[in-house]
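Each chain gets a letter, A, B and so on, in the order the sequences are listed, and its residues count up from 1.
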Amino acid sequence: MPIIRLGLEDFLPVGDTSGTEEDTDSAILYGTLRGSVVGLRYYTGIVNNNEMVALQREPNNPYDKNAVKVNNVNGDQVGHIKKELAAALAGIMDNKLALVEGVVPYGAKNAFTMPVQMSFWGREENKEAVLDQLKRHGFKLAPPLKGPECGFGSKWISGRAGPSYSAPVHAAVQLTTEQLKSEFDKLFEDLKEDDKTCEMEAAEAVGTLLLPHQKQALAWMVSRENSNDLPPFWEERSDFYYNILTNFAEKQRPKNVLGGILADDMGLGKTLTAIALILTNYQDGKPLPVEKITSEKFYEESGTNSMNSVGRGLSTSCVIQEDTGFASALLPSSTCLKRQKKRKGTASVQSVKKKHSDDGPRATLIVCPLSVLSNWIDQFEQHIHQDFHVNIYVYYGSDRSKDPSILSEQDVVLTTYNILATDYGARGDSPLHKVTWLRIVLDEGHTIRNPNAQQTKAALNLEGDRRWVLTGTPIQNSVKDLWSLISFLKLKPFTDREWWHRTIQRPVTMGAPGGLGRLQSLIRSITLRRTKTSKVKGKPVLELPERKVLIQYVTLTEEERQIYQSVKEEGKAAISRFFSEGTVLAHYADILGVLLRLRQLCCHPHLCINTSSSSFSADNITPEELRETLVTKMKLVLSSGSDEECAVCLESLTFPVITRCAHVFCKPCISEVIRSEQPNAKCPLCRNELRAEHLVECPLEGEVDSSNGKKSDQEWISSAKINALMHALIELRRDNPTAKCLVVSQFTTFLSLIENPLKESGFVFTRLDGSMAQKKRVEAIQCFQSSQAGSPTVMLLSLKAGGVGLNLTAASRVFLMDPAWNPAAEDQCFDRCHRLGQKHNVVITKFIVKDSVEENMLKIQKKKRELAAGAFATKKPSASEVKQTKINEIKALIDL
DNA sequence: ACCGCCGGGTGCC
DNA sequence: ACCGCCGGGTGCC
């Protein structure tokens with residue numbers, strides 16, 4: 001199931017939200033006030049009756065420091081707020097006590113002044129201050145007018161119609177949570193219907209036959225790019241264009257985005273579809289003119305149309321320029337350069353692309369997270385027909401070209417969000433921003449959901465009419481997330497946050513009638529989304545082979561059980577003490593340590609070395625010792641596989657730091673807490689003193705394994721789990737010698753221990769873990785995916801290795817050696833082989849030690865799954881709820 | 001007339 | 001602005 005969590009805050013004004021940032025979601029309507037706009041004749045901006053206007057402070061106005069400008073939806077100034085009123089508004093606006101929004105109810109054609117109906121929105125606690133401030137200037141708010149869409153702009157009851165309509169206080173009728181849930185479910189439903197079911201064949205240069213749903217996506221994308229439709233919510237009226245949300249009108253036809261959001265579930269082939277689009281729709285629906293090599297075949301491999309095949313391996317025909325040095329690190333050494341030379345020497349070229357700049361833009365820019373950059377390169381390699389030649393430039397690395405004309409000559413330029421943001425930050429020196437692109441594709445587009453992030457701003461400022469967002473999770477936490485995407489698509493008038501907020505976001509969050517409907521029709525007009533269970537012509541989009549998860553219980557040996565029990569009793573005693581002392585959270589890292597050791601003991605006694613942790617009492621120690629202890633604790637937290645979240649942002653840790661009270665947060669998050677609560681900041685988790693200079697950063701180097709090092713000096717012994725695994729592997733080999741399997745663990749040391757018996761029993765195996773260099777990874781993957789005789793049948797895989805794109809479809813069996821805290825991490829791992837291209841039924845075996853922490857983890861996993869399934873309309877948990885959940889989990893895990 | 005009244009000039013902030 | 005406001009011109013009926 002796609003992760004579309006919709007927080008309660010999407011629908012209800014939720015009070016407490018940690019304060020620091022202006023959160024417009026908890027705003028209530030204080031009331032309304034009629035004022036006047038003056039000075040109309042000095043400005044060009046015009047409005048219609050009932051049109052929304054923006055009020056903007058102008059503190060540097062030489063005549064009045066209180067000045068408030070009035071702009072129309074287009075951003076053109078209409079006039080000023082009359083000075084007496086402006087004097088009252090200035091303080092309110094400057095101190096962000098309220099959001100003041102205006103609508104011109106009538107008199108839009110007046111020559112000198114016109115009325116403006118203002119609504120004041122803000123947090124409950126600021127209401128008094130606002131009313132007071134207005135009162136001091138002799139103004140008084142009227143209660144909110146009641147109308148079907150009061151405060152949301154559309155239909156104002158004009159003054160003349162008489163105020164007999166206006167009375168009740170509540171602006172909008174709120175739907176029940178259930179209603180909202182079902183409403184929102186519909187948001188992405190049926191997007192495939194009507195015009196989105198046409199299919200289109202890809203251009204010849206696409207060497208892979210598209211699946212039906214991919215042909216549909218291609219047809220839809222091509223039609224979007226070539227469409228002449230008006231953007232959503234615009235109508236043509238006699239000789240002007242009219243926006244039905246804001247009532248703004250203009251002569252000039254508003255541009256629709258020649259793109260949209262491809263929001264297919266992971267695994268449906270968004271990348272391939274985008275590649276097909278690039279090659280199929282250049283101009284006027286004609287394919288991209290690329291070199292076609294018509295003479296003899298150049299390569300040994302002969303790739304024909306293969307249905308989304310894996311294992312086409314190296315047969316490729318794209319030329320990837322390597323002056324970045326990055327591509328060569330990603331790709332097997334021989335892949336590109338040799339071919340490029342070969343082709344240059346012998347190929348006869350039928351049609352050479354024109355390089356004249358007067359042809360208009362040619363290049364497509366693709367921006368993606370670094371983790372999927374190599375996947376894009378692979379996919380281009382796989383899917384471009386070998387007789388065609390496509391120029392791809394990987395804009396990455398310190399020697400990336402600063403010359404925009406190099407970029408604009410390409411067919412495709414690939415880069416990452418970080419590079420995009422870095423270049424953009426170095427002002428005036430971003431070649432990416434100097435090129436007018438034919439097309440811009442943002443992959444994993446949800447990474448730009450934070451509108452304040454540099455990468456978002458950098459993406460918004462790219463030039464190019466065809467703009468696409470690829471994402472499997474268009475809405476991650478709330479409707480808010482959509483704004484950056486919509487803004488990137490340059491959909492008028494939503495590029496300005498005020499109009500988005502007033503016309504879509506607030507109506508939806510406040511449950512205004514029609515709010516969801518608007519959002520839905522907006523989404524429908526620019527989004528294509530299919531899930532794994534969607535159907536095309538009555539058949540599932542993807543017919544994946546079956547997937548079975550078996551749990552195989554393992555009984556520890558006598559010796560293992562003895563060690564386990566003694567560590568457990570010791571840990572349980574310590575944790576009980578923490579509970580009785582009320583210091584559970586202060587010892588959180590220690591508790592994780594106990595649990596980690598128990599989990600390791602379930603796998604193999606050697607995983608767990610320093611059983612006697614000295615860190616239980618940390619009284620009189622030097623700063624250096626303290627620092628070291630903290631670093632150790634942080635590493636423990638990070639390596640415990642518990643997928644710790646930052647209690648401030650509630651997301652996974654970025655740039656983790658540990659506090660003196662041993663709690664781990666994102667550095668930016670905790671720094672902000674310290675800054676905003678100074679001088680007496682307290683730890684959000686335990687309320688201990690918090691100081692910026694006490695924060696300890698994690699010494700770099702990705703994968704931290706707490707049990708690293710000491711493996712060679714210990715004699716190898718087996719364990720109950722290893723025995724169970726080997727038994728299963730040998731049985732599997734006997735029944736099906738060519739079957740491939742993944743052996744997955746969170747503990748890379750455990751994987752190393754497993755290498756021993758694999759060798760002894762004559763298995764050919766390979767390995768993939770987070771510590772391996774990019775090049776080694778690619779080798780390991782290609783080696784494993786190969787179907788050649790003698791290729792590895794086992795891959796030792798660390799649970800979190802590899803990005804989303806990791807494709808291990810050669811495997812049809814998975815042995816999960818130890819359960820993960822987060823069931824989603826397990827699922828993601830299983831999806832690496834249970835995905836497009838898998839030909840066999842997939843059987844997953846989870847080894848679980850009977851009567852152990854592992855069994856308890858299964859129970860917690862079950863709960864989490866249930867929670868995730870029902871999470872749709874549930875509120876995002878607060879920090880204290882997260883805390884309580886954790887405490888409960890700890891109790892359950894250690895049988896307290 | 002230290003007023004009223006008239007009518008022209010004028011006009012955002 | 002077909003207003004308000006300003007300030008100069010003017011002054012019984």
Side-chain angles (χ1 to χ4, degrees), chain A residues 22 24 27 29-122 126 129-142 145 151 153 156-163 240 243 246-252 493 495-499 501-502:
Chain A
E22 21 139 353
T24 44
L29 180 56
Y30 298 155
T32 62
L33 183 64
R34 179 66 62 85
S36 48
V37 187
V38 296
L40 303 182
R41 62 167 164 155
Y42 300 99
Y43 307 99
T44 53
I46 53 164
V47 292
N48 289 302
N49 286 342
N50 294 316
E51 182 171 333
M52 294 181 169
V53 288
L55 273 52
Q56 184 190 14
R57 276 283 285 124
E58 192 185 19
N60 294 325
N61 186 301
Y63 303 95
D64 182 0
K65 60 177 171 38
N66 293 325
V68 177
K69 289 207 286 182
V70 178
N71 300 335
N72 70 9
V73 176
N74 219 16
D76 300 323
Q77 183 167 3
V78 177
H80 277 106
I81 291 290
K82 207 170 157 56
K83 62 175 179 298
E84 295 78 9
L85 181 54
L89 295 185
I92 293 171
M93 294 173 80
D94 292 344
N95 297 316
K96 300 205 158 58
L97 294 177
L99 218 57
V100 190
E101 298 179 346
V103 172
V104 173
Y106 56 87
K109 299 290 171 278
N110 292 359
F112 304 100
T113 70
M114 59 174 67
V116 58
Q117 185 74 21
M118 290 172 293
S119 306
F120 290 70
W121 298 84
N126 292 333
V130 171
L131 294 181
D132 199 61
Q133 169 90 347
L134 288 169
K135 197 174 176 182
R136 265 182 297 179
H137 289 84
F139 296 102
K140 189 169 179 293
L141 291 189
L145 293 179
W156 273 100
I157 298 147
S158 84
R160 296 185 199 115
F240 57 92
N243 183 283
T246 60
N247 297 316
F248 175 76
E250 62 181 343
K251 276 260 183 317
Q252 206 187 338
T495 42
D496 184 324
R497 193 127 61 124
E498 176 169 353
W499 309 122
H501 195 246
R502 287 175 69 172

Exercise. Could you let me know what C:dG9 is paired to, Watson-Crick or G-U wobble, both distances under 3.5 Å, or none if it's on its own?
Key: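 The answer is B:dC5, by the H-bond criterion.
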Quote, to the nearest angstrom, the [atom1] distance that separates [N] from [M].
N	M	atom1	result
B:dG11	C:dG4	C1'	10 Å
C:dG8	C:dC13	P	25 Å
C:dG9	C:dC5	P	22 Å

Self-check item: N/O (side chain, A:K83) to phosphate O (OP1/OP2, B:dC13) under 4.0 Å
Solution: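 So the side chain of A:K83 is within the cut-off, an N or O lying under 4.0 Å from OP1 or OP2 of B:dC13.
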Self-check item: Side-chain H-bond candidate by donor/acceptor type, A:Q77 with A:N71, under 3.5 Å
Solution: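 Per modelled atom types, A:Q77 and A:N71 side chains form no pair under 3.5 Å.
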Exercise. Kindly indicate whether the side chain of A:Y43 and the base of B:dC12 share any N or O donor-acceptor pair separated by less than 3.5 Å?
Key: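 Indeed, a donor on one side and an acceptor on the other fall under 3.5 Å apart.
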Quiz item: Of all heavy-atom pairs between A:V116 and A:S36, which one has the smallest distance, and what is that distance?
Solution: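 Heavy atoms of A:V116 and A:S36 come nearest at CG1-N, 4.0 Å.
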Quiz item: Does the gap between the ring centers of A:Y42 and A:H80 come in under 6.0 Å?
Solution: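 No.
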Quiz prompt | Rounded distance [0.5 Å steps], NZ in A:K140 versus CG in A:L131 | solution =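 A:K140 NZ to A:L131 CG: 8.5 Å, rounded to 0.5 Å.
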What's the [atom1]-[atom2] distance between [X] and [N], to the nearest Å?
X	N	atom1	atom2	value
A:F112	B:dC13	CZ	P	14 Å
A:N61	B:dC13	CG	P	10 Å
A:N110	C:dA1	CG	P	8 Å
A:D64	B:dC12	CG	C1'	10 Å
A:M114	C:dA1	CE	C1'	15 Å
A:K65	B:dC13	NZ	C1'	13 Å
A:L85	B:dC13	CG	C1'	13 Å
A:N66	B:dC13	CG	C1'	10 Å

Quiz item: Are there more than 12 heavy atoms of other residues, nucleotides or ligands under 6.0 Å from atom NZ of A:K135?
Solution: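 No, the 6.0 Å shell around NZ holds no more than 12 heavy atoms from other groups.
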Quiz item: Which part of the nucleic acid, if any, lies within contact of A:L40, taking any heavy atom under 4.0 Å across all strands shown: a base, the sugar-phosphate backbone alone, or nothing?
Solution: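 Here A:L40 touches no strand at all.
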Exercise. Mind checking A:K69 for me? I need base, sugar-phosphate or nothing, with any heavy atom below 4.0 Å counting as a touch.
Key: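 Here A:K69 touches no strand at all.
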Quiz item: Would A:Y63 count as stacked on B:dC12 if the rule is ring centres under 5.5 Å and plane angle under 30°?
Solution: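 A:Y63 vs B:dC12: stacking no.
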